[in-house]
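Counting starts at 1 for both ligands and their atoms, following the listed order.
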Amino acid sequence: MATPNDDTSATQTPPGLPTKGDVAGDAAKKAHAGEVEMIIDTSKMNEGKRQALELTEASREQQWTKPSFAQQLFMGTFDHALIDDFPVQSAADQAIGDTFIKEFEAFLKANLDPEDVDATRTIPQAVVDGMFRMGVFAMKVPKEYGGLGFTQVNYNRVMMMLASYCASTAVLVSAHQSIGVPQPLKLFGTEAQKRAYFPRFRDHSISAFALTEPSVGSDPSKMTTTAVPTPDGKHWIINGDKLWCTNGPIADLLVVMCRTPSKIVNGKERQQITALIVEGKAPGIEIVHRCDFMGIRGIQNGLLRFKDVKVPFENVLWGEGKGLKLALTTLNTGRLTLPAACTGAAKSCLSIVRRWGNKRVQWGAAVGQHEAGRQKIAFIASHTLAMEAVTWLTSHWADQHDKDIRIEAAMAKLFCSELGCKIVDMTLQLRGGRGYEKASSLKARGEDDAYPCERMVRDMRINTIIEGTSEIMRLFLAREAMDPHLKLAADMIKGHVPIPKMMRSGVKLAGFYTGWYFSQWFNSSLWSQHDDLGKLADHYQYAHKTAHRLARTIFHNMGLYRDKLERKQVLLGHLMEIGTELFAMTATCSYARMLERTKPGDQGAIGLADYFCREATRRIEAHFLALSDNDDRMMNHLAKSVLAGEMKWMEEGAADCFPEQG
Ligand SMILES: Cc1cc2nc3c(=O)[nH]c(=O)nc-3n(C[C@H](O)[C@H](O)[C@H](O)COP(=O)(O)OP(=O)(O)OC[C@H]3O[C@@H](n4cnc5c(N)ncnc54)[C@H](O)[C@@H]3O)c2cc1C
């Protein structure tokens, strides 16, 4: 029997310290008042980095009512009760999704050729019109405002199907709905704004989200697009450039992130980033360039220039200075679309390798029957199940609205986008030369199996870049994973705290950390069997034990590196990958058990979960090993030499295609 979670020490409050609720509440109050509670030492940072960090810290979401499974993992708590009963859709909600998906899929097959979209860089207007008629652009709009009011689960089911059929069309719908106007409007809009804008998404209004600028990518703190109030206070005037704005060239409505006048808080200047709803056809907006990409070639994505664009003052979403927090909060749910899209593509890959693996015979056997082929097929099947598990778990949790899912959503995005790239690449490889040939070319020379593998690779590649690159996801996870430690032990971790203050904090914390640290060695993972997991019990037990090992390892490294830990990105990356794999293992075991229970007959889900967990365990052990057995020092040294130009001689021999610029 699995024992109920008894590893509570991580959530205990150290004597003399404020409770977690107090700390979060305090931080929230301060953030509300425009103050930034800096628990990270910024004293040794350069001005640019300090400003970026302060702005990002002020924009972190801090209110929630239920704990995060994944964050607790990093503190050594394996709260499997949060995952044991894998959520299932109600019959009524499932029926809504089933009917819609069936109709939509039939519509797509009858009207849209994804190869043509790729070749012509065009999604036919008739298809867009048809999708408007079906309500595709209003799936997330609440019913009371004329939308379909879909749950996150149904929305993601639709996006999974759509992305597997035509990635460009999926990005059009997702940029509009996952990050464009509907999502932040639903979360932060006033009643008047909702009444004004929601109905337009049933009636031909496409939206876009404009944050990125030519010099502003992962770090929005240097944003240069400005919105300045007019002297009469009735309007904002926007000036600046926004790059890579998906749907931008065709958008009727945009959420535009702008720098608004700074405020002085406690004698210090506080930067303000504000989200504004802007009409896409407003005078002064110029589409400077439509960008062309390696994949998702049908999307309309461009460089937009705003020149004295006048926007009514009341078009602020949520409040002045809350733009970045709005963007981060929107993305917490918004980025759940990408795992669904990647899983859809992985399912298509599974279908391709099953067919081609059986059909193509070389060296006397079908290519899928050679062991190297079987390895790919087993990997794709088992890891697709894991991708599906984290996608549905996080989607259901998003629908429950009370859980802190920031960490799990980021993990789902990181896990599914990285695996998606690996899976499409493996599928292309199993197809051999046909994998590299365009589907249109295969068809033109009479091949029956014109699978679009090369397009799938090109379309998939963007997913590790948009809505937070994989590197930024790992840093985001590290910040959130460390949060409980940072709140508790800020003074111990900071480098510049005076010794007496540090000692006082040390005494207060000693009580807590003594008990906590002891419990990371001696805890229920030593005797919990998790027998109710049947064949998967060993994997649950491993995850349980390894959560404690992970927490100990994080703690040791915090002690070792203190304020320098944030610069140890490779080390943090290993730790975050371990946490992500543990989350995926637990979710996959629970998902497989649910499938076994609810779907009659042996479908092999348990075997797939078992294989995935074995592979994940090996990766986890490799990450642990790499923490101590690595050449990071040498790697840092070499990279510095290359950047300093000391290895330029290595570039000789290649054509000199890239003349040095100023
Ligand atoms: C097809 C496409 C669609 C897009 N759609 C939109 C959209 O609709 N709206 C919008 O606002 N933006 C959009 N973007 C922009 C996208 O969100 C950015 O490309 C992304 O945020 C990364 O920014 P960047 O490309 O400037 O990379 P940079 O931030 O310049 O990063 C370059 C590399 O450095 C790494 N890096 C950066 N900072 C760090 C760090 N601190 N530590 C370690 N590594 C780091 C990154 O991970 C990356 O590998 C789109 C981009 C593309 C290509």
Side-chain angles (χ1 to χ4, degrees), residues 45-46 48-53 55-56 121 167-168 170-184 206-225 240-251 253-258 273 275-276 278 280 289-304 306 323-324 326-328 330-331 334-335 337-338 341 410 413-414 417-418 421 458-479 566-573 576 636 639 643:
M45 294 176 182
N46 65 41
K49 190 163 182 192
R50 186 186 62 75
Q51 278 185 5
L53 205 74
L55 193 65
T56 314
R121 296 180 63 210
S168 291
V171 174
L172 158 71
V173 175
S174 169
H176 159 76
Q177 218 151 176
S178 304
I179 57 173
V181 178
Q183 182 71 5
I206 290 177
S207 75
F209 173 78
L211 170 68
T212 306
E213 298 178 2
S215 334
V216 172
S218 306
D219 169 15
S221 67
K222 303 290 170 306
M223 187 173 292
T224 57
T225 298
D241 285 356
K242 290 291 180 186
L243 183 60
W244 295 326
C245 182
T246 305
N247 296 347
I250 53 167
L253 285 169
L254 303 120
V255 183
V256 184
M257 296 293 160
C258 303
I273 290 179
L276 294 171
V278 180
H289 176 72
R290 181 183 167 195
C291 304
D292 192 2
F293 300 107
M294 76 181 266
I296 50 169
R297 290 174 53 76
I299 66 168
Q300 291 274 350
N301 176 301
L303 171 62
L304 271 58
F306 294 74
L324 197 53
L326 173 142
L328 295 179
T330 300
L331 273 174
R335 66 165 61 100
T337 312
L338 290 191
K413 196 271 175 186
L414 174 66
S417 59
E418 289 286 337
C421 289
R458 289 189 284 109
D459 286 345
M460 179 62 82
R461 189 60 186 82
I462 189 59
N463 291 310
T464 60
I465 297 170
I466 41 170
E467 295 179 21
T469 65
S470 291
E471 292 78 10
I472 296 300
M473 285 297 93
R474 291 187 193 101
L475 295 182
F476 172 87
L477 286 174
R479 170 64 187 91
E566 61 108 10
R567 275 181 267 155
K568 304 286 293 176
Q569 292 190 345
V570 174
L571 182 147
L572 288 173
M576 296 309 113
N636 277 300
L643 289 171

Under 4.0 Å to a heavy atom of [X] - the qualifying atoms of ligand 1, by number:
{"X": "Phe293", "result": "1 (C), 53 (C)"}
{"X": "Asn301", "result": "2 (C), 3 (C), 4 (C), 5 (N)"}
{"X": "Ile466", "result": "2 (C), 3 (C), 4 (C), 50 (C), 51 (C), 52 (C)"}

Strictly by modelled atom types, are Glu418 and Thr464 linked by a side-chain donor-acceptor pair under 3.5 Å?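 Short answer, no.
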Any chance the side chains of Glu213 and Thr225 put a donor and an acceptor closer than 3.5 Å? yes
Do [X] and [Y] touch side chain to side chain, with heavy atoms closer than 4.5 Å?
{"X": "Lys242", "Y": "Leu303", "result": "no"}
{"X": "Ile462", "Y": "Phe293", "result": "no"}
{"X": "Phe209", "Y": "Leu254", "result": "no"}
{"X": "Val278", "Y": "Leu253", "result": "no"}
{"X": "Phe476", "Y": "Leu328", "result": "no"}

Is the shortest distance from [atom] to a protein heavy atom below 4.0 Å?
{"atom": "atom 32 (C) of ligand 1", "answer": "no"}
{"atom": "atom 42 (N) of ligand 1", "answer": "yes"}
{"atom": "atom 35 (C) of ligand 1", "answer": "no"}
{"atom": "atom 26 (O) of ligand 1", "answer": "yes"}

Heavy-atom proximity to atom 20 (C) of ligand 1 ranks first, among Ile472, Ile465, Leu475, for Ile465
Options Thr469, Asn463, Val256, Thr464, ranked by nearest heavy atom to atom 47 (O) of ligand 1, top entry: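 Of the listed residues, Thr469 has the closest heavy atom.
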Tell me whether [X] has any N or O atom under 3.5 angstrom from an N or O of ligand 1.
{"X": "Gly468", "result": "no"}
{"X": "Glu471", "result": "yes"}
{"X": "Gln569", "result": "yes"}

Arg458 side-chain N/O to Met294 backbone N/O, donor-acceptor pair under 3.5 Å: yes
Nearest-neighbour protein heavy atom for [atom], which is reported as residue plus atom name and distance:
{"atom": "atom 23 (O) of ligand 1", "value": "Gly217 CA, 3.4 Å"}
{"atom": "atom 4 (C) of ligand 1", "value": "Trp244 O, 3.3 Å"}
{"atom": "atom 9 (N) of ligand 1", "value": "Phe209 O, 2.8 Å"}
{"atom": "atom 53 (C) of ligand 1", "value": "Ile462 CD1, 3.5 Å"}
{"atom": "atom 16 (C) of ligand 1", "value": "Thr212 OG1, 4.0 Å"}

Quick one: do Glu467 and Lys413 make a salt bridge, cutoff under 4.0 Å? no
If we set the cut-off at 4.0 Å for heavy atoms, which region of [X] has an atom near ligand 1: side chain, backbone, both, or neither?
{"X": "Thr246", "value": "both"}
{"X": "Ser218", "value": "both"}
{"X": "Val216", "value": "neither"}

With Gln177, which residues qualify under side chain to side chain contact (heavy atoms under 4.5 Å, CB included), at least two apart?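 In terms of side chain to side chain contact (heavy atoms under 4.5 Å, CB included), with neighbours along the sequence ignored, Gln177 is linked to Met139, Lys140, Tyr155, Val173, Pro182.
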In chain order, what residues pass the side chain to side chain contact (heavy atoms under 4.5 Å, CB included) check against Leu172, with sequence neighbours excluded?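 If we apply the side chain to side chain contact (heavy atoms under 4.5 Å, CB included) test to Leu172, skipping adjacent residues, the hits are Ile123, Val128, Met131, Phe137, Ile206, Asn247, Ile250.
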With a 6.0 Å cut-off (strictly less than), is the heavy-atom count around CZ of Arg461, excluding the residue itself, greater than 12? no
